[in-house]
Structures are given as C-alpha cells and as structure tokens.
Amino acid sequence: MRSMLFVPGDSPRKFEKASEGKADALIIDLEDSVVTEKKAEARGLTLSMLKSRPGPHQLYVRVNALDTGMTLADLAAVMPGRPDGIVLPKSQGGDDVRQVATWLEALEAAAGIAIGTTRIVCVATETAGSIFGLGSYKGCSPRLAGLMWGAEDLSASLGATEKASGGVFHSPYRLARDLCLMAAAAAEVAAIDTVYTDIDNLTGLEQETRAARRDGFSAKALIHPKHVDIVNAAFAPTEAERAWAEKVIAAFASNPDSGTLRLDGQMIDKPHLRAARKILGQP
C-alpha cells in the first residue's frame, strides 16, 4: 500500500470521484472533515459508501478520537459495511489500540465478520503526549497495520506558530516524524507519511514523498486526488532497485545455508535480503 486518500464522510460525490482514481486505499473521514452537527448523517452516508465498493481500493474509516466519546458510535454505525480497517486519530499508544480492538471483536461478531480481520491504523503523533507512547505499539494487537504521523494537530498541541519554512519541517515535527518511523519499524507495521497540504506544489509533493520512501516510509496519506499518481510513482521501485533486489534474492536462494555472501564485489547479509524482499513487496 502506497497511497491513502482521505475522503469526507459526508460527501458521496467526492467518494465517487476518489473511487475513479488509483489510490491504494480510501479513508472515509468521520473526524476533521465533518462538523459536529453532521456526524450522525455522515455515519449513514459512510455506511452506504462502504457497501457500494465501487473499485478495488481498500476502504478505511477514520473515526473520531477516543476522548470525544463518539468512537464507539462511529464503529457501531460503520462496521456492518465491512471496512478493511479503521484509522484511529490522536492515539496515545498501545492501550488505545487494545480498546478499539475489543470493540471491533464484538462488532465483527455481530456483523458476521471473521474475528480479527478489521485492521487498525493509528495517527500516532497528533498530541505532545502521544510522542511518549510511541514505544508501546509493539505487540499491542495483531490488528495494528500501520502508524501514521500527523503535523496539523500536533502544531495546536504544541502551541506552535509555524510548522515549516521553505518546505522543510521545523525540528519538533521532524522529531515526531522520525520517532513514528522508528516506532512503526519496531512494531513491524507500515510507516505512513503525513499529508502534503500545499495542494498545487506537485514538485514539492514528489520531493517530500521520495524523501519519505528513502527513509523507510512505505505509504503516504493524501488529501487531494491529483496527488495520487505522483505518490504511487514515487513509492515504486526503480528498475535498478528491482534488478538489485532480484539478484540478492537469487543469491540467497542458491546459498540457503549462508548468512553472508559476496555479490558484485560487496558483502551482503540477511538485512540486505529483507530489504530486497521489501522492494519487491515480498513477505
């Protein structure tokens, strides 16, 4: 999964348009893009969108944060639509995942869904306190599929007046980004880069996405359909990377009892094999 496009939960029109694109996943949003007065209506519309399944995209639902008291109502409303996953905003750590997982187990049973199939992606850096919970995601639940870092709400939590200048995040946000990346790697789940908010700056989007891929992120969240193709292309392996990965995998397949090998004059070992498999999308 490379691209996760947010779609307002109260806009079937935008959902239909997003479904025509090539995002790997659509995140139907019940949180920030829906005002309080329309939450109930948006739940019903979201359920209809889930049931329509207009394309091959994975369908996630971003529910409201646990501290709003609306999370369980959101889940109860949308789970009959069998979403592939839930996005939990403002997550504080592994305990939040366990709470949502407990609710999902009951709701899956009620909807006739195989227990454990609904995944959870956490937006894990939206408050100052959440940074200190990043180490608690490892082993918290087999449902956990990814950690996404977010900058917009973190800015409010910090009381900051500016997140970036010249297209470069200031140090608090770089810290949140890097710690989220490491937490995802430690938990062995996808690391998902934050949204790019300068809608028309496609060059900046490509540069930020390539930097994310370089550092180890495997996907990016998006807020505009025209960003999808650029992000998908930026996360695709180059021909040179694909050729290298195939050679590494072939070398170890020919020498299954070897921990280290010599390839093109360089020493390679099992971390290189794991990297090669990641490039080719192999487990």
Side-chain angles (χ1 to χ4, degrees), residues 1-8 14 18 21 23-27 29 31-35 62 64-65 67 87-93 121-135 137 146-187 189-236 238:
M1 187 165 60
R2 304 156 296 175
S3 50
M4 303 183 75
L5 177 62
F6 281 102
V7 181
K14 291 183 178 179
D24 293 322
L26 303 180
I27 304 174
D29 184 29
E31 194 209 14
D32 288 345
S33 64
V34 179
V35 298
R62 179 165 70 172
N64 288 280
D67 64 3
V87 175
L88 179 66
K90 298 179 180 63
S91 179
Q92 300 297 302
V121 168
C122 293
V123 191
T125 69
E126 291 187 293
T127 66
S130 67
I131 304 301
F132 300 97
L134 287 169
Y137 288 104
L147 297 179
M148 181 189 303
W149 87 276
E152 302 304 312
D153 286 279
L154 180 59
S155 178
S157 179
L158 295 176
T161 58
E162 184 181 68
K163 298 188 299 294
S165 59
V168 178
F169 280 109
H170 296 314
S171 60
Y173 306 95
R174 295 198 303 272
L175 175 67
R177 171 192 186 273
D178 294 349
L179 288 176
C180 184
L181 172 63
M182 294 176 190
V189 298
I192 304 166
D193 196 29
T194 192
V195 298
Y196 189 78
T197 57
D198 190 357
I199 301 297
D200 296 321
N201 185 0
L202 302 185
T203 298
L205 169 68
E206 181 178 10
Q207 291 173 344
E208 184 171 287
T209 306
R210 291 196 180 279
R213 179 177 182 268
R214 174 202 67 203
D215 291 346
F217 286 92
S218 58
K220 188 169 182 64
L222 312 174
I223 56 173
H224 199 285
K226 70 180 180 182
H227 290 179
V228 172
D229 289 344
I230 292 171
V231 167
N232 284 348
F235 274 112
T238 66

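Every value quoted in this text rests on a predicted model; they were computed, and no experiment measured them.
Between the side chain of Ser157 and the backbone N or O of Ala128, at least one donor-acceptor pair lies under 3.5 Å. At least one donor-acceptor pair closer than 3.5 Å links the side chain of Arg213 to the backbone N or O of Phe235.
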Chi angles and distances behind the side-chain contact (heavy atoms from CB on, under 4.5 Å) call for Val123, Val87: CA-CA 7 Å; Val123 191; Val87 175; 3.7 Å; yes
Does the side-chain contact (heavy atoms from CB on, under 4.5 Å) test come out yes or no for Thr194 and Glu152, once each step is laid out? CA-CA 9 Å; Thr194 192; Glu152 302 304 312; 5.9 Å; no
Show your working on side-chain contact (heavy atoms from CB on, under 4.5 Å) between Asp193 and Trp149 and close with a plain yes or no. CA-CA 6 Å; Asp193 196 29; Trp149 87 276; 2.7 Å; yes
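Lys226 has a carboxylate O that lies under 4.0 Å from a charged side-chain N of Asp200, or vice versa, which qualifies the two as a salt bridge. A salt bridge links Asp153 to Lys90: one of the charged nitrogens lies within less than 4.0 Å of a carboxylate oxygen.
Here the shortest heavy-atom pairing between Arg177 and Ala212 reads NH2-CA, 3.6 Å. The two residues Ile223 and Val195 come nearest to each other via the heavy atoms CG2-CG1, 3.7 Å. The shortest heavy-atom contact between Asn64 and Pro89 is C-CG, 4.0 Å. Here the shortest heavy-atom pairing between Ala151 and Phe169 reads CB-CE2, 3.9 Å. The shortest heavy-atom contact between Leu181 and Gly216 is CD1-C, 3.7 Å. Residues His227 and Ile199 approach most closely at NE2-O, 2.8 Å, considering heavy atoms.
With rounding to the nearest 0.5 Å, the separation of CE in Met1 from CG in Asn232 is 11.5 Å. Note that CG of Leu179 is 12.5 Å distant from CZ of Arg174, once rounded to the nearest 0.5 Å. Residue Ser3 holds its OG atom at 12.0 Å from CD1 of Ile230, rounded to the nearest 0.5 Å. Rounding to the nearest 0.5 Å gives a distance of 9.0 Å between CE of Met182 and CG of Asp215.
Arg210 pairs by the salt bridge (Lys or Arg N to Asp or Glu O under 4.0 Å) definition with Glu206, not counting sequence neighbours. Not a single salt bridge (Lys or Arg N to Asp or Glu O under 4.0 Å) links Glu126 to another residue, sequence neighbours left out.
In this structure the side chain of Arg62 never reaches within 4.5 angstrom of the side chain of Val121, judged on heavy atoms. Two residues are said to be in side-chain contact when any heavy atoms from C-beta on lie closer than 4.5 Å; Leu158 and Tyr173 meet this criterion. No side-chain heavy atom of Pro8 sits less than 4.5 Å from a side-chain heavy atom of Asp29. Inter-residue side-chain proximity for Leu147 and Thr125 is flagged as unmet; no heavy-atom pair is nearer than 4.5 Å. Side-chain contact between Leu154 and Lys163: absent, with no pair of heavy atoms (C-beta onward) separated by less than 4.5 Å. With a 4.5 Å cut-off on side-chain heavy atoms, Glu208 and Lys220 count as touching. Using a 4.5 Å heavy-atom cutoff, the side chains of Val228 and Leu222 are in contact. Two residues are said to be in side-chain contact when any heavy atoms from C-beta on lie closer than 4.5 Å; Tyr196 and Thr209 fail this criterion.
Side chain to side chain, Ser91 and Tyr137 meet the donor-acceptor criterion of an N or O pair below 3.5 Å.
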